[in-house]
There are 2 protein chains.
Amino acid sequence: MFSQSEENYLKAIYSLEREFADSVSTNLIAEMLSTKASSVTDMIKKLAQKKLVIYQKYKGVKLSNSGKKIALSVIRKHRLWETFLVEKLHFNWDEVHDIAEQLEHIKSPDLVNRLDEFLEFPTNDPHGDPIPDKNGNITYHQKSLLANFKHHQKCIVVGVKDSSSKFLKFLEKLNISLGVEFEIKEREEFDGTLKVLINGKTASISKKVAENLLVKTI
Amino acid sequence: MFSQSEENYLKAIYSLEREFADSVSTNLIAEMLSTKASSVTDMIKKLAQKKLVIYQKYKGVKLSNSGKKIALSVIRKHRLWETFLVEKLHFNWDEVHDIAEQLEHIKSPDLVNRLDEFLEFPTNDPHGDPIPDKNGNITYHQKSLLANFKHHQKCIVVGVKDSSSKFLKFLEKLNISLGVEFEIKEREEFDGTLKVLINGKTASISKKVAENLLVKTI
DNA sequence: CATTTTTTTTAGACAAGTCTAAAATATTAT
DNA sequence: ATAATATTTTAGACTTGTCTAAAAAAAATG
Ligand SMILES: [Mn+2]
Ligand SMILES: [Mn+2]
Ligand SMILES: [Mn+2]
Ligand SMILES: [Mn+2]
């Protein structure tokens, strides 16, 4: 079995690989985990010895197949627990991440799969992120940043890029949540603000918000 | 906040105080936690510094009020999670202890109480043990070891002393579980075996089993 | 391409929690 | 009460994961 720390590194490397390059740098990992580059190097060496990552000095790191498998199983647990917390315990979507950070490290061959069944096999977590299945298969749907859209598109909110409590709370104030539909009416060229139509009412979405909202056209 | 290790020590001291004396010895704790006496001394010192236990060199240790409060909160979490695993995820009562040992350390001001509500405020865990309420109040009901009974008593199974998977699995083979009623017909003086009547059928319960079964007379 | 800057690694230290072996204290037996 | 035995504590070591400061390597700059 792997330590919480090892699991957190694998998870971090996984998402950095996805968001950026094939090979992930020491500093990027350090920043994501709020730790120091030297600590990252230490841990990377350990992970490389266990064949969970492929590592060449000064050349960055990438997950091996077994490393990716572990990362995905941790992500699966994280997202299933988040779903549980929201669906069953009625937490708000901005309250669950930190708790899931802890729950994702619970070790039990059975627990996750029973939880999955109890939740009736959800495909997405409360933030719209896809949940890997028990074999580690994960399906990424096409999601576009609202900021990249031009005029007169109808879209539906399917995810958030920033899933910090701060951002999520702000979205709520704007009455925006997963599944909300709206139409883009106009983009203000000066500051990138979008005028949109939500539930028949006009609203204004700042560029910063639009850069963190994932939508699908309808 | 306290580390998992600290919480485990407090929990161990709590149950040893209850089962044995007011003051708990180093060796007892070591045995309960499968660790060495020297490690226990080290940890006890740390707990004493944090005022969680009262400690005098060579004289054993006992929980302070704040130590007891923490122990009870961990026990509360353990038993609520066990209840969740059995009631909601349909685990068997012999499969949940080890998972709950992990879940009991999850830190969240809210989580336990929401779980409690979700489970509709259970008073006992799947092994019959009482669940402390959110203020740390716990009610111990009178439970007697079956081994201490004489003849012709009617009783109901309300708990187990040994809650290891091995014992619980064996009980199932004997069709004994929480809530089962039976009548003691005879005690064999030679080896302490009890002849009992369960659901109209005669059965035989060994002394060793009787010494780990908690019952209430009816 | 040589120099400066940035990134990464190494060296050495530290805290938490554990261990073994030895010393100190307490308990039990004679 | 003394000696033998058992329990508890101390001393010193080890592992994991972290840190700071310095060295090494890579990348950027002129
Ligand atoms: Mn999350
Ligand atoms: Mn999420
Ligand atoms: Mn248990
Ligand atoms: Mn229990």
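In the text below, chain A, chain B and the rest are named by the order of the sequence lines, each starting its count at 1. Excluded from the calculations below are hydrogen atoms, water molecules and symmetry mates; all remaining heavy atoms, backbone and side chain alike, are included.
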[X] and [Y]: side chain donor to acceptor below 3.5 Å:
| X | Y | value |
| --- | --- | --- |
| A:Thr193 | A:Asp191 | yes |
| B:Asn8 | B:His105 | yes |
| A:Asp162 | A:Ser164 | yes |
| B:Arg76 | B:Asn113 | yes |

Quickly work out the [X] [atom1] to [N] [atom2] distance and round it to whole Å.
| X | N | atom1 | atom2 | result |
| --- | --- | --- | --- | --- |
| B:Gln56 | C:dA26 | CD | P | 11 Å |
| B:Glu7 | C:dA16 | CD | P | 16 Å |
| B:Tyr55 | D:dT8 | OH | P | 10 Å |
| B:Lys36 | D:dT7 | NZ | P | 14 Å |
| B:Lys45 | D:dT9 | NZ | C1' | 7 Å |
| A:Gln4 | C:dA16 | CD | P | 17 Å |
| B:Met43 | D:dT10 | CE | P | 16 Å |
| A:Asp42 | C:dC14 | CG | P | 16 Å |

With respect to the phosphate group of [N], does any side-chain polar atom (N or O) of [X] fall under 4.0 Å of OP1 or OP2?
| X | N | result |
| --- | --- | --- |
| B:Tyr9 | C:dT18 | yes |
| A:Thr26 | C:dT9 | yes |
| A:Ser3 | D:dT16 | no |
| A:Ser25 | C:dT7 | no |

Could you check whether [X] gets within reach of a base, just the sugar-phosphate, or nothing at all, counting any heavy atom under 4.0 Å?
| X | answer |
| --- | --- |
| B:Ser39 | base |
| B:Thr41 | base |
| B:Ser38 | base |

Are there any protein N/O atoms within less than 3.5 Å of an N/O atom in nucleotides 22-29 of chain D, and if so, which ones and at what distance?
| residue | atom | partner | partner atom | Å |
| --- | --- | --- | --- | --- |
| D:dA25 | O4' | A:Tyr58 | OH | 3.4 |

Heavy atoms only: give me the nearest A:Leu178-A:Pro126 pair and the separation to one decimal.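 That would be CD2-O, 3.4 Å.
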Should we say atom NZ of A:Lys51 is surrounded by more than 12 heavy atoms from elsewhere, each under 6.0 Å from it?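 Check fails, neighbour count at 12 or below.
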Is the closest basic N to carboxylate O distance between B:Lys134 and B:Glu117 below 4.0 Å?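 Here B:Lys134 does not pair with B:Glu117 in a salt bridge, since their nearest N and O are not under 4.0 Å apart.
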Would you mind telling me which of D:dT7, D:dT18, C:dT7 lies closest to the side-chain atoms of A:Asn27?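 Per side-chain heavy atoms of A:Asn27, the pick is C:dT7.
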